J.: 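So that we are looking at the same thing, I have put the structure below in structure tokens.
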Amino acid sequence: MLIPFRKLATYGQIADWIGAHGSARQVGWALRRLPLPSDIPWHRVINAKGQISMNPSREGSDWLQRELLIAEGIPVDQQGRLPLREHLWKPDLRPKPVNESSKQN
DNA sequence: CATTTGACGCTCT
DNA sequence: TAGAGCGCCAAAT
């Protein structure tokens, strides 16, 4: 499991997360060769525009993604736009939480 | 080995 | 807000 339930992440975000800044396209490339019945929540991965990457080459898997997101309670526009700002996932970039006293966010 | 292509991202108009 | 232009990196041809 990469992305928590009802959370969204962008390609660039993931790329940067795995230490491949600027390699967002490779993330998309990886998902592309991904077998559909996958254990990975690929449908929670969208582009930085806050939309599903709609493309004919996906042969409809993009629309499937839209349905899946809606199924999770995330409203998706006909254009594939979604409330990314409100569902953006925060990767575990905290290997050693200093102290909860300084917690904010 | 050189080019083209692509589920991307950021900036400027 | 939408569209165009340019940068990026790995795979395919």
Side-chain angles (χ1 to χ4, degrees):
Chain A
M1 182 70 95
L2 290 173
I3 309 174
F5 183 68
R6 278 165 67 82
K7 284 293 182 179
L8 300 175
T10 68
Y11 299 93
Q13 187 179 17
I14 295 175
D16 188 59
W17 175 43
I18 64 179
H21 180 66
S23 303
R25 315 189 74 157
Q26 277 59 263
V27 176
W29 179 83
L31 291 180
R32 177 179 201 179
R33 50 165 257 139
L34 197 68
L36 257 301
S38 65
D39 310 312
I40 307 176
W42 57 272
H43 58 278
R44 310 223 178 99
V45 184
I46 60 179
N47 57 29
K49 295 189 298 272
Q51 313 180 211
I52 297 174
S53 291
M54 310 283 269
N55 206 40
S57 63
R58 296 182 60 179
E59 299 187 13
S61 71
D62 43 7
W63 291 100
L64 170 60
Q65 175 174 16
R66 175 168 172 276
E67 294 301 314
L68 288 170
L69 289 175
I70 294 177
E72 291 199 359
I74 302 176
V76 185
D77 194 288
Q78 187 81 9
Q79 304 174 37
R81 314 203 308 193
L82 4 86
L84 174 61
R85 301 293 294 273
E86 301 177 24
H87 290 272
L88 225 188
W89 171 56
K90 297 182 178 182
D92 295 355
L93 291 179
R94 35 179 65 181
K96 31 188 300 187
V98 200
N99 60 65
E100 57 266 31
S101 304
S102 59
K103 82 174 182 65
Q104 49 101 22
N105 170 39

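Given the structure is predicted, the values throughout are model-derived calculations rather than measurements. In what follows, chains are A, B, ... by sequence order, proteins preceding strands, each numbered from 1. Every heavy atom of this structure was used, including side-chain atoms; hydrogens, water molecules and symmetry mates were not.
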J.: Counting the atoms with a prime plus P, OP1 and OP2 as sugar-phosphate, which does A:Ser61 contact under 4.0 Å by heavy atoms, base, sugar-phosphate, or nothing?
T.: nothing
J.: Output the rounded distance in Å from CD (A:Gln51) to P (B:dG9).
T.: 11 Å
J.: Within this structure, what is the CG-to-C1' distance between A:Leu31 and B:dA7, rounded to whole angstrom?
T.: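 To the nearest whole Å, that distance equals 7 Å.
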J.: A:Gln79 or A:Arg25: which one's nearest nucleotide on DNA chain C is closer to the 5' end?
T.: A:Gln79
J.: In this structure, how many angstroms lie between the P atom of C:dT1 and the CG atom of A:Asp77, rounded?
T.: 12 Å
J.: Would you indicate what A:Arg81 reaches in the nucleic acid, counting non-hydrogen atoms under 4.0 angstrom: base, sugar-phosphate, or nothing?
T.: sugar-phosphate
J.: So if I take every side-chain heavy atom of A:Ser23 and compare against B:dC10, B:dC8, C:dC9, which nucleotide ends up nearest?
T.: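 Of B:dC10, B:dC8, C:dC9, C:dC9 is nearest to the side chain of A:Ser23.
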J.: Separation of A:Gln13 atom CD from B:dA7 atom C1', in whole Å?
T.: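 After rounding, the reported distance stands at 16 Å.
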J.: Let me know the distance between NZ of A:Lys49 and P of B:dC10, rounded to the nearest Å.
T.: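 Between P of B:dC10 and NZ of A:Lys49: 11 Å.
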J.: Find the distance A:Asp16:CG to C:dG7:P and express it as a whole number of Å.
T.: 21 Å
J.: Does the base of B:dG6 carry an N or O that pairs as donor and acceptor with the side chain of A:Gln26 under 3.5 Å?
T.: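 For A:Gln26, whose side chain was compared with the base of B:dG6, there is a donor-acceptor pair (under 3.5 Å).
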J.: Just how far, in rounded Å, is C1' of B:dC8 from CD1 of A:Ile18?
T.: 13 Å
J.: How about A:Ile40 and A:Val45: do any of their side-chain heavy atoms sit closer than 4.5 Å?
T.: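 The answer is no, as the side chains (C-beta and beyond) never meet within the 4.5 Å cut-off.
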J.: The side chain of A:Asn47 lies closest to which of these nucleotides: B:dC8, C:dC9, B:dA7?
T.: B:dC8
J.: Which residue, A:Glu72, A:Gln65, A:His87, forms the side-chain hydrogen bond (donor to acceptor under 3.5 Å, both in side chains) with A:Arg44?
T.: A:Glu72
J.: If I compare all heavy atoms of A:Tyr11 with all of A:Ala24, which pair ends up nearest, and what's the gap?
T.: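 So the minimum-distance heavy-atom pair works out to CB-O, 3.8 Å.
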J.: To the nearest angstrom, how far is A:Trp29 atom CH2 from B:dG9 atom P?
T.: 18 Å
J.: Heavy atoms, side chains only, cut-off 4.5 Å: are A:Gln78 and A:Arg66 in contact?
T.: yes
J.: As a quick check of understanding, evaluate side-chain hydrogen bond (donor to acceptor under 3.5 Å, both in side chains) for A:Ser53 and A:Asn55, giving each step before the final call.
T.: CA-CA 6 Å; A:Ser53 291; A:Asn55 206 40; over 6 Å; no
